> 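Structure provided below as structure tokens; questions to follow.
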Protein chains: 2
Amino acid sequence: MAKIGDVARRAGVSTATVSRALSNPDSVRPETRKLVLDAVRELGYTPNAAARNLRAGRSRMLLTVVPLLSNSFFARIVSGIDQEASRRGYGTIISEESPDSVEKQAHLLDLAAAGLFDGVLLLSALMPRVGRRSLADMGMPLVRVCSRREPGAGAVLLEEREATLIQTRHLLGLGHRRFMYISGGAGNINDIPRYEGFCEAIAEAGLQPDQQIRVEGFFDFASGTAAAHRFLELRAEGRAPTAIVAVGDQMAIACMKGIQEAGLRIPEDVSIVGFDGIDFTNYCQPTLTTIVQPAEDMGAAAAGLLIDMLQGERDPGEIVFPATLRVAGSTGPAPAG
Amino acid sequence: MAKIGDVARRAGVSTATVSRALSNPDSVRPETRKLVLDAVRELGYTPNAAARNLRAGRSRMLLTVVPLLSNSFFARIVSGIDQEASRRGYGTIISEESPDSVEKQAHLLDLAAAGLFDGVLLLSALMPRVGRRSLADMGMPLVRVCSRREPGAGAVLLEEREATLIQTRHLLGLGHRRFMYISGGAGNINDIPRYEGFCEAIAEAGLQPDQQIRVEGFFDFASGTAAAHRFLELRAEGRAPTAIVAVGDQMAIACMKGIQEAGLRIPEDVSIVGFDGIDFTNYCQPTLTTIVQPAEDMGAAAAGLLIDMLQGERDPGEIVFPATLRVAGSTGPAPAG
DNA sequence: TTGAAAGCGTTACCAC
DNA sequence: GTGGTAACGCTTTCAA
């Protein structure tokens, strides 16, 4: 592997000049520059990252912590991050969250302390932590995606409250008056504004938010199945809702399936809206009306914000994306009666 | 940030001793070790990665190149890789493939030349390359996952041929005699053994492989929709198959949907089998009979193999996983007539 | 068993 | 505009 000294020798200049010619081309004479660049090309020279990082005190690497990679919503965010980071000369280290594995979190903190990455993108509200040490405490520049903003950190958010407001208004507009809300978990940070939006829409229509049914979910298929069971119980008792608001597509899709298996039709008997806009919403039966989050864009924006922060060009700010409703086959007029 | 010198001073020993106490504990006296470890703890010391990498000439980082992260099959492999890598003290750098972006591939080669990672996991048959330079040429240790083995590289594979053999036999056993095969693209490296398996099963049953219909796909939803259209055309001509073998779940699911929208029932009118075993196969309507690939396990095995190779403990070998068929609702007896 | 010191490859400061 | 050189933080050889 060619080193800077080899290039210098070949170009007949000093290592200092090679370094300058590469990192700040305007600071050397055009002829010298050409000499250096030719030598670089001929030798296929690339500066050693470790040496450069050691000297510069930074790594041009970002860490992305993701709750669950197999959830395609998160995967799409990561995709956007990778794209933007790569475009701006940064690499992306990835780590799947593991709230239960102290070992893995410790490994992460070690990597941070070791200076392996310059900043962190957190795709959840959790904070990698071991004992009282956490990434934030270490002064690591941080951008959260799709969760709460915290002091000193950047954030990329969706208009969460607006989103459920739109979802619910859509159903109200179709004449629905009895609702089931499948949450993202009582403690979930995103669920707070989402539930607010839901309640606000309900109240607008002159209904009582606390008389609607709320079921706790965790964004996974199983939660949707469980919600379907609850729905069927309610139906047996003669007090089933006619519309379901789910704050995650996977929950919505599993719920649809559970309901259909009991012989009910969607949207004739029940309407349901999802949240996220994953690809499968277009390929389930019926297609799912859902809130579309521009996942790739949000990822790219987050990476861009973080890199700006690292380069001192931007203070940790907040970027908010609008929520849009994509109306599809799973919602229809409330059944008569 | 505490450095090794700070620890040495605090422990009253030399930096050399600190280094030894940490990397090779048995080489220092127990009392000394305790002294050092206490100092480390008190100062919250972590060795600087750049300095260590520079000295050691390696980075304890792996690069994973993935074709499409939003495909949950790939995402699950990455998840397995991350898990195993992290367990063994390695970090994972991720990069989404971009055959068309020379820039991104160049960036990747630069990172490699810069020594940012010690080895590469390739989740596709493509090889990052710019002109005549490629990762393989640079002598980068390599493990391919789910694609062809190449000289000098390791590989983690599924019994591809066996997989389609099982798929197709299952349908033959249900009485089907006319098939449509949705491929992964004529040039796709995995499609070759898969199509062989299909043909072999067909031939076993005394049928003509070349009289079955083959449709080219690219593992995405759109391919499945296109295949459905083709199916409906054939049906209009009165020569529709009764069973469909798709070598990807997304294609299978989109195809099911296209067929159902034309008013046909699955599996009563047509049976269909998928390939991969993504979560959605359990939540589509009907559930999809499919080949289950143990994606997380394959990812973990690949990372393990690569790390063994890096540590000189294993030659680049081949690990083959068995394919299993998960029978679900999308396959049934061939329609009479 | 421990310490001193060289060296990993780069960058940036200070002279010229 | 360019070259010499110290320094980044660590590991490892060589001596003691």
Side-chain angles (χ1 to χ4, degrees), chain A residues 1-40 43-61 89 110-118 311, chain B residues 1-40 43-61 89 110-118 311:
Chain A
M1 198 95 293
K3 324 191 247 191
I4 199 169
D6 302 333
V7 177
R9 208 167 311 116
R10 176 146 196 150
V13 299
S14 73
T15 61
T17 300
V18 174
S19 177
R20 271 189 296 253
L22 290 173
S23 57
N24 190 4
D26 293 334
S27 66
V28 300
R29 248 193 4 232
E31 329 166 22
T32 318
R33 192 189 318 153
K34 180 169 172 9
L35 235 47
V36 171
L37 295 183
D38 285 348
V40 165
L43 294 171
Y45 166 74
T46 310
N48 176 285
R52 174 175 272 189
N53 294 347
L54 175 56
R55 188 53 235 215
R58 52 169 177 56
S59 62
R60 291 191 153 271
M61 281 281 149
D110 282 349
L111 294 186
L116 220 76
F117 43 84
D118 299 338
Q311 301 183 340
Chain B
M1 199 93 291
K3 321 190 250 192
I4 199 171
D6 302 334
V7 177
R9 208 166 312 117
R10 175 144 197 152
V13 298
S14 73
T15 60
T17 300
V18 174
S19 176
R20 274 189 292 252
L22 290 173
S23 57
N24 189 4
D26 293 335
S27 66
V28 301
R29 246 194 5 233
E31 327 167 21
T32 319
R33 192 188 320 153
K34 180 167 172 10
L35 234 46
V36 171
L37 295 182
D38 285 348
V40 165
L43 294 171
Y45 167 74
T46 309
N48 176 285
R52 172 176 275 188
N53 294 347
L54 176 57
R55 198 40 241 228
R58 52 170 178 58
S59 61
R60 291 191 153 269
M61 280 281 148
D110 282 349
L111 295 185
L116 220 76
F117 43 84
D118 299 337
Q311 301 182 341

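Below, chains carry the letters A, B, ... as their sequence lines are ordered, and counting in each starts from 1. Please read all numbers here as calculations on a predicted model, not as lab measurements.
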> Taking only residues two or more places apart in sequence, or in another chain, which ones meet A:Arg10 in a salt bridge (Lys or Arg N to Asp or Glu O under 4.0 Å)?
A:Glu42
> Between atom CE in A:Met1 and atom C1' in C:dG9, what is the gap in whole Å?
13 Å
> Output, in order, the C-alpha distance, side-chain angles, deciding distance and verdict of side chain to side chain contact (heavy atoms under 4.5 Å, CB included) for A:Ser59 and A:Leu116.
CA-CA 6 Å; A:Ser59 62; A:Leu116 220 76; 5.7 Å; no
> With the sugar-phosphate defined as primed atoms, P, OP1 and OP2, and the base as all remaining atoms, what B/S/- string results for nucleotides 11-16 of chain C, 5' to 3', for protein heavy atoms under 4.0 Å?
BBB---
> Any sub-3.5 Å donor-acceptor pair from A:Thr46's side-chain atoms to B:Ala114's backbone N or O?
no
> Any salt bridge linking A:Lys3 with A:Asp6? Criterion: basic side-chain nitrogen under 4.0 Å from a carboxylate oxygen.
no
> Shoot me the first and last contacting nucleotide of DNA chain D against chain A, ordered 5' to 3', at under 4.0 angstrom to non-hydrogen atoms.
D:dG1 to D:dG9
> Rounded to the nearest 0.5 Å, what separates atom CZ in B:Arg29 from atom NZ in B:Lys34?
14.0 Å
> What is the distance from atom CZ of A:Arg55 to atom CG of A:Asn48, rounded to the nearest 0.5 Å?
14.5 Å
> List, one per line, each side-chain donor-acceptor pair under 3.5 Å for residues 15-24 of chain A, sequence neighbours excluded.
| from | atom 1 | to | atom 2 | distance (Å) |
| --- | --- | --- | --- | --- |
| A:Thr17 | OG1 | A:Ser14 | OG | 3.3 |
| A:Ser23 | OG | A:Ser19 | O | 2.9 |

> Roughly how far, to the nearest 0.5 Å, is the CE atom of A:Met61 from the CG atom of B:Leu111?
5.0 Å
> Rounded to the nearest angstrom, tell me the gap between atom NZ in A:Lys3 and atom P in C:dT10.
8 Å
> What is the distance, to the nearest angstrom, from the CG atom on B:Asn48 to the C1' atom on C:dT10?
14 Å
> Step by step, would you call B:Val36 with B:Val28 a side chain to side chain contact (heavy atoms under 4.5 Å, CB included)?
CA-CA 10 Å; B:Val36 171; B:Val28 301; over 6 Å; no
> Listed in order of residue number, which residues of residues 111-118 of chain B have a non-hydrogen atom at under 4.0 Å from DNA chain D?
none
> If the cut-off is 4.0 Å, is B:Thr17 near the phosphate of C:dG3, judged by side-chain N/O to OP1 or OP2?
yes
> Listed by chain and number, what are the salt bridge (Lys or Arg N to Asp or Glu O under 4.0 Å) partners of B:Asp110, not counting sequence neighbours?
none
